Amino acid sequence: MDLADALPTDWSLWNEEAGRVVMVYRPDVFDSEAFPPPCLPTLYLTKGSRGRRPGRPQPDPDDPWYLTLSLEPDVTADRREFDGREAAMGGAVELADAFADGEVDYRSLYQVPREAYLAKLDELTGREA
C-alpha cells in the first residue's frame, strides 16, 4: 500500500521508516505559530510499543504494530493493535478518514480543553462543538 496516496488530503505522511510511520493532520494550520507545536494532530504507527525503554534492540519480529492518535503529548486516543504492517497501515488510513470526517470525539480526550484549538479542529472536521 502506498500510504501517502491512501491518506485523506488533510493528512500528510511526515516520516516513514521500517518500524515507525508518522502522519500529521493539516501541518499548514497547526504550524506552531497559531498553536503550540505539540498540538499538531499526529498518528503514530509503530512496530512494538512507542514506550520501549532506551537501549532495547529493534522490535522483535513478533511484536504487534500499534496505532496511536495524539493531539498533544499527554492527550492521546486509545491505542489500536494490529498483527501486520499492511493491516496497521489500513487501520491508519481508516482512522485518518474518520478524524478528517469529524467522526473522532477528540474533545472527550481532554480534561482541560484548549478551546481555540478544539474550535479550529471542529471547523476543519465539520464537527459541531
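Worth saying up front: this structure is predicted, and the values here are computed from it rather than measured. Note that these values count all heavy atoms, side chains included, but never hydrogens, waters or copies made by symmetry.
- Taken to the nearest 0.5 Å, the CG atom of D105 stands 12.0 Å off from the OH atom of Y110.
- D74 CG: 12 or fewer foreign heavy atoms inside a 6.0 Å radius.
- Around atom CG of D83, no more than 12 heavy atoms belonging to other residues, nucleotides or ligands sit under 6.0 Å away.
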Would you please test R79 and L67 for side chain to side chain contact (heavy atoms under 4.5 Å, CB included) and show each step?
-> CA-CA 6 Å; R79 185 169 66 171; L67 175 62; over 6 Å; no

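- Relative ring orientation between W11 and Y25 is described as tilted, the plane-to-plane angle lying within the 30° to 60° band.
- Of all heavy-atom pairs spanning W14 and P27, the tightest one is CZ3-CB, 3.8 Å.
- Judged by distance alone, the side chains of Y117 and E72 never bring a donor and an acceptor atom under 3.5 Å apart.
- Taken from OG in S12 to CE in M23, the straight-line distance is 11.0 Å, to the nearest 0.5 Å.
- Around the CG atom of D2, the shell of radius 6.0 Å holds more than 12 heavy atoms that belong to other residues, nucleotides or ligands.
- Judged by distance alone, with hydrogens and angles left aside, the side-chain atoms of T46 form a donor-acceptor pair with the main-chain N or O of G48 at under 3.5 Å.
- The two atoms that bring R114 and C39 nearest to each other are NE-SG, 3.5 Å, heavy atoms only.
- Y106 and D122 share a side-chain donor-acceptor pair at under 3.5 Å.
- Salt bridge absent: E103 and R127 never bring a charged side-chain N and a carboxylate O closer than 4.0 Å.
- E17 and K47 are not joined by a salt bridge, as no carboxylate oxygen comes within less than 4.0 angstrom of a charged side-chain nitrogen.
- A18 and W65 make their closest contact through O-CH2, 3.3 Å (heavy atoms, listed as atom of the first residue, atom of the second, distance).
- One finds the OG1 atom of T76 at 7.5 Å from the CG atom of L109 (value rounded to the nearest 0.5 Å).
- Rounded to the nearest 0.5 angstrom, D10 CG and F99 CZ are separated by 9.5 Å.
- Note that CE of M89 and CG of L13 are 9.0 Å apart. Values are rounded to the nearest 0.5 Å.
- Heavy atoms only, all atoms of each residue included: D97 and P8 are closest at OD1-CG, 3.1 Å.
- Here the straight-line distance linking atom CZ of R20 with atom CG of L45 works out to 11.0 Å at 0.5 Å rounding.
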Verdict with supporting geometry, V29 and L124, side chain to side chain contact (heavy atoms under 4.5 Å, CB included) = CA-CA 10 Å; V29 173; L124 293 169; 4.0 Å; yes

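- Across every non-hydrogen atom of P38 and P73, the tightest pair is CB-CD, 3.4 Å.
- Minimum heavy-atom separation, P113 to L118: CB-CD1, 3.4 Å.
- A salt bridge is defined here as a Lys NZ or Arg NE, NH1 or NH2 lying under 4.0 Å from an Asp or Glu carboxylate O, and R85 with E16 meets this definition.
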